[in-house]
There are 2 protein chains.
Amino acid sequence: MKSTIPDTGVPITPPAGNGGDREENRQEASLHGEILLRLRDHVVEGNIPDGGRVPERQLCEMFGISRTPLREALKVLAAEGLIELLPNRGARVRQLSQRDLEELFDVMAGLESLAGRLACEAITDEEITAVEQLHYEMYGHYLHRDMHGYFQANQRIHESIVAAARNETLKTAYANFAGRIRRVRYSANFARKRQRWAEAMREHEAILDALRRRAGSELSDILFQHLRNKRKAAIEHLTEPHEDGPSAP
Amino acid sequence: MKSTIPDTGVPITPPAGNGGDREENRQEASLHGEILLRLRDHVVEGNIPDGGRVPERQLCEMFGISRTPLREALKVLAAEGLIELLPNRGARVRQLSQRDLEELFDVMAGLESLAGRLACEAITDEEITAVEQLHYEMYGHYLHRDMHGYFQANQRIHESIVAAARNETLKTAYANFAGRIRRVRYSANFARKRQRWAEAMREHEAILDALRRRAGSELSDILFQHLRNKRKAAIEHLTEPHEDGPSAP
DNA sequence: GAACGCTATTTCGCATTCATTTTTTGTCCT
DNA sequence: AGGACAAAAAATGAATGCGAAATAGCGTTC
């Protein structure tokens, strides 16, 4: 165990947050592509402490490759905003300040807002039915106080809306930003407050309603507010660590 | 035959800029960063034909560097969606289908829509005044049929709104997507139809009005529609090449 | 005893080198 | 003469080597 890492304040930020799209279809058979996927998962899943140093050499022997393809992968991850590269000082997993999180949530809110608007233009009755199905399922989890199930159904609903937008570029950007936030989710699980939970359910009712009526502009507003409230709950949770933990019914 | 080391005597600004300040851009002092910027501009400005091959070797001698930093830059550009990397077959500038363009415009619409909403929360009176200034300037260009001036003022207005959103993440993503579209702009200059031009002016009036009243939700709607109309005009222009070319007043 | 400065080791950045894969070209066969 | 196969040439993907910067370790000085 090495001594504590000298925190120099970490100034230099990655080149671009980018809403890039790397949906390149599975060309990832090449080594650097393979590494990119594995390394991204490794980071997103939180296997590396926040702001922790990640020496190239260590990752190389970890993946059993040379430095060249690894460095290429690192550059890409830096461009995605997951890590930051300090000149001559190696890579660190990017530590998100509260402000960063707020910004990310707002951008996610904007993307979902857009997704809702677009979805209203193109969604089929069958897809709406599917969302309704998920909604009721989620409601069931809510009644049973099953947070995990609720969380999953919730996520699938939002993904369904994004999918219904029929916009691959949006979908990719959405996935990218979601990845950045997910890292935080892993390290600090968002415990929902009871009150917020009920509120979220009401918002979801409104979402479904607007979607049924295909009221794009309205749905756009609701989704934005929904994510804004989510952001508020998340940030509050981070500032005052735990509010209530009981996940039991 | 010795390989002369291309010591171009590039300043390489030290990793200054420390402090809590997180400027997203231009930390690129390292070679690969420098190359990334130059190569991105090179591609965005359309110096390479659409779908054209981009041999590493050629670019290397063009920039006077070895392949390693260049390849790193290529990976990043691929992640950004500007080029695509074919396994063992080199890099090609990504050819955007009409569908891709539509998607990009819609995402841009979503981001600007978000920017407008956020701007209404944080914009100062001074900033609004600045936007008004640009608006009148743009109106002047409109009256004088100065398309270039109009275009620039227009762009600055949109950038001002994005800046007023106080969200660096959004700003970065916006710049990224704008870059992808700009490539198309260069190769096929969007000639505005007269009618669309007048329409755009009216929309901008509405934008300014909503911004003055800080009506976030409303501005969000207007901006989205504005970009949607822009998209329509752009796509139409691409399908039926030239409608009117005269840039002269 | 603590702060400063010097040296040694580690790590990073880029160039170069090696190994496959693709592309081109030249020849041979139909 | 045209096409197919094969070998050469070029280009890509990955590895290694070398110089430079940074971190760490240690000694000296106030």
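Here is the naming used below: chain letters follow the sequence lines, and residue numbers restart at 1 for every chain. When reading the values below, keep in mind they use all heavy atoms of this one structure, side chains included, and skip hydrogens, waters and symmetry mates.
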When you measure from the side-chain N and O atoms of [X] to the phosphate of [N], is any distance below 4.0 Å, counting only OP1 and OP2?
X: B:Arg71; N: D:dG13; answer: yes
X: A:Arg89; N: D:dT23; answer: yes
X: B:Ser66; N: C:dA15; answer: yes
X: B:His32; N: C:dC14; answer: yes

Looking at [X] and [Y], does any basic side-chain N land under 4.0 Å from a carboxylate oxygen?
X: B:Glu236; Y: B:Lys232; answer: yes
X: B:Glu80; Y: B:Arg40; answer: yes
X: B:Arg156; Y: B:Glu159; answer: no

Charged tip of A:Arg117 within 45° of B:Phe224 ring normal and under 6.0 Å: yes
Round to the nearest Å and state the distance from [X] atom [atom1] to [N] atom [atom2].
X: A:Leu31; N: D:dT12; atom1: CG; atom2: P; result: 18 Å
X: A:Lys75; N: C:dC14; atom1: NZ; atom2: C1'; result: 10 Å
X: A:Leu74; N: C:dC14; atom1: CG; atom2: P; result: 14 Å
X: A:Arg57; N: D:dG17; atom1: CZ; atom2: P; result: 11 Å
X: A:Asn88; N: D:dA21; atom1: CG; atom2: C1'; result: 5 Å
X: B:Leu70; N: C:dG13; atom1: CG; atom2: P; result: 17 Å
X: A:Glu34; N: D:dG13; atom1: CD; atom2: C1'; result: 15 Å

Residue whose closest nucleotide on DNA chain C lies nearer the 5' end, B:Arg67 versus B:Glu72: B:Glu72
Shortest side-chain distance from A:Glu56, nucleotide among C:dT22, D:dT12, C:dG13: C:dG13
Pairwise 5' ranking along DNA chain D for B:Val54 and B:Thr68, keeping only the more 5' one: B:Val54
